[in-house]
Amino acid sequence: MIDIKLVREKPDFVKQALLNRNYDSKIIDDILSLDTKFRALTNQVNQLRSQRNAISKQVAQKKASGQADEVDLLMSEGKKIGEQIDSIESQLKGIEEQINRLILFVPNIPDPSVPIGKDETSNLEVRRWGEPKNFDFPAQAHWDLGPALGLMDFDRAAKLSGSRFTVMYSAFAKLERALMNFMLDLHTKEHGYTEVWVPHLVKRSTMTTTGQLPKFEEEAYRIEADDLFLIPTAEVPLVALRSEEILEEKDLPLLYTAYTPCYRREAGSYGKDVRGMIRQHQFDKVELVWITTPERSFEDLERLVSHAEEVLKRLELPYRVIQLCTGDLGFGAAKTYDLEVWLPSYNCYKEISSCSNDTDFQARRGNIRYRRKDGKLSFVHTLNGSGVAIGRTLVAIVENYQRPDGRVNVPKALQPYLGCEVLG
RNA sequence: GGAGAGGUGGCCGAGUGGUCGAAGGCGCUUGCCUGCUAAGCAAGUGUGGAGGGAUACCUCCACCGAGGGUUCGAAUCCCUCCCUCUCCGCCA
């Protein structure tokens, strides 16, 4: 969440930030007026408490020195003040709850370096790597090629689970597994990440830390009996891992990577990407998370992006890097780069990784702080990025490495993992 | 699911109604001492909020898992809940 002090001190700045994201800025006015009331009442109640404390102290002194005569009067006075305190406190409690509820719905403030724009048409292309291949034969989409090889099965997946699920067999199932290992090995051995194995079911508070809740509950799968949520990304457990903790500056940055499946209801995307395995309710991903300091977080974001890019370079998949504009930023992000891989079936670049600096937004929600060298406490900055989405990588490999005979070449980097050069 | 134990400051740990925001220890910071380091000695060292002088200061308030209750007054008594641990049961 954002700092309530920022709302208090620079309301117009915060409102403009929301407008740049296509959010309604009225929520800021609501918070502001509640906050004004809150502070006025807080002062009142503090004064009353101060009075009552003084009285209680006198009671104790008189009792100790045997002057019981004035005690009754003091006690009844204390009781009167106590009743006033109770009444103000109950008002305060209601106001505080309202403020807390509202502020959880306020998105992060975009970094000044983020281009202002309404939607993805204002995103900036930062760079490209590789050239989209020109096939000298009719290239197939993965949803044709996969089933033709007998390695992808959308029909039986639908039978088991409904739409937006995939079953894969033998070489493709193994390719999925090879990609996990390849990515995790790269990030742990060459980029300095610590591999973490995390729960896939998390509590409501965990989902709130990273920003999925309360605003996007309808996007998440929820286990009602225990009020647990299936993680939509490993970012959730990795970022919240250190919630409510105070870290030492010398231990930062922390670099975490995890492979997990990701579960998403895709409630708002009915017509989108309906064919194949581009948009699934369950997909595998290797995630990268940094817990770092405010001084260096934006430089660290560039490093994180380069780590995700390295995956695509090693796999020799053509991609481009996009910087999202304000209107396209995710809820918690202050700055985001997307990596988009070339997909012949779409005849365009398609998102395969999203790397964001969430600044102190998640740290505030999860109360993740660090002790600076001067002894003061500050919120950390958190970064997250896909390193990268495995299902879409598999699709990209299948489509970009397909051969005239309908089989699929194996990228050199994966050959040690698969032990072969051709799939199918 | 059943039974029990426990949740106190960065950490450990005392504290059962009135200068307890909290003993003591560890850690950390500073100073002294000292070839260096260590040890020793001394002092300091929680967080959050509101307000005022508005950098380094001061005042008030709150915080001993969370939320209620009793009381003039609660870390301390009562209730509810959450979490952790141990044992038993069930199960991969």
- Should the pair A/E235-A/K285 be classified as a salt bridge under the 4.0 Å nitrogen-to-oxygen rule? no

- Query: Partner of B/U34 by Watson-Crick or G-U wobble geometry, both contacts under 3.5 Å, or none?
  - Reply: none

- Task: Could you tell me whether A/K57 contacts a base, only the sugar-phosphate backbone, or nothing, with contacts defined as non-hydrogen atoms closer than 4.0 Å?
- Result: nothing

- C1' spacing across the pair B/G31 / B/C72, given as an integer number of angstrom: 46 Å

- Task: Report yes if the side chains of A/M183 and A/Y259 come closer than 4.5 Å at any heavy-atom pair, otherwise no.
- Result: no

- Message: Using atom P in both nucleotides, what's the gap between B/G65 and B/C88 to the nearest angstrom?
- Response: 30 Å

- Task: Scan every strand shown for a Watson-Crick or G-U wobble partner of B/G53, both distances under 3.5 Å, and answer none if you come up empty.
- Result: none

- Query: Which part of the nucleic acid, if any, lies within contact of A/N53, taking any heavy atom under 4.0 Å across all strands shown: a base, the sugar-phosphate backbone alone, or nothing?
  - Reply: sugar-phosphate

- Message: Can you check the distance between B/G25 and B/G46, where both ends of the measurement are the P atom (answer in whole Å)?
- Response: 16 Å

- Task: Both distances under 3.5 Å, Watson-Crick or G-U wobble: report the partner of B/G9, or none.
- Result: none

- Rounded to whole angstrom, note down the C1' distance from B/C61 over to B/A3. 43 Å

- Task: Classify the nucleic acid contact of A/K62 as base, sugar-phosphate or nothing, counting any heavy atom under 4.0 Å across all strands shown.
- Result: nothing

- Message: Taking the C1' atom in each of B/A75 and B/A22, what is the distance between them to the nearest angstrom?
- Response: 8 Å

- Item | A/F361/A/H381 aromatic ring centres below 6.0 Å | no

- B/U76 and B/G1, which share atom name P, separated by this distance in whole Å: 29 Å

- Item | 5' precedence on RNA chain B between A/D35 and A/Q51 (nearest-nucleotide basis) | A/D35

- Message: Looking only at the side chains, is there a donor atom on one of A/D273 and A/Y346 sitting less than 3.5 Å from an acceptor on the other?
- Response: yes

- Is B/G18 paired to anything, Watson-Crick or G-U wobble with both distances less than 3.5 Å, and if yes, which nucleotide? B/C72

- Task: Quote, to the nearest angstrom, the P distance that separates B/G49 from B/G10.
- Result: 15 Å

- Message: When you compare the side chains of A/S353 and A/D338, does any donor N or O come within less than 3.5 Å of an acceptor on the partner?
- Response: no

- Message: Can you pull out every side chain to side chain donor-acceptor pair (under 3.5 Å) where at least one residue sits in residues 85-103 of chain A? Sequence neighbours excluded, please.
- Response: A/R49-A/E89

- Message: Any salt bridge linking A/K26 with A/D29? Criterion: basic side-chain nitrogen under 4.0 Å from a carboxylate oxygen.
- Response: no

- Those residues of residues 73-84 of chain A lying under 4.0 Å from RNA chain B by at least one heavy atom: A/M75, A/G78, A/K79

- Before accepting this row, confirm whether a basic side-chain N of the pair A/K159/A/D155 lies closer than 4.0 Å to the acidic partner's carboxylate O. no

- Fit a plane to each ring of A/Y221 and A/H281, take the angle between them on a 0 to 90° scale, and name the class: parallel (under 30°), tilted (30 to 60°) or perpendicular (over 60°). perpendicular

- Give the ring-plane orientation class for A/Y193 versus A/H191, where under 30° counts as parallel, over 60° as perpendicular and anything between as tilted. perpendicular

- Please measure how far the P atom in B/G7 lies from the corresponding atom in B/G15, and state the result in whole Å. 11 Å

- B/A39 pairs with which nucleotide, Watson-Crick or G-U wobble, both distances below 3.5 Å? none

- With a 4.0 Å cut-off on heavy atoms, is A/I246 in touch with a base, just the backbone sugar-phosphate, or nothing at all? sugar-phosphate

- Note on the structure: The Watson-Crick or G-U wobble partner of B/G27, with both key distances under 3.5 Å, is B/U45

- Message: Please identify the 5'-most and 3'-most nucleotides of RNA chain B with any atom under 4.0 angstrom from a heavy atom of chain A.
- Response: B/G10 to B/G73

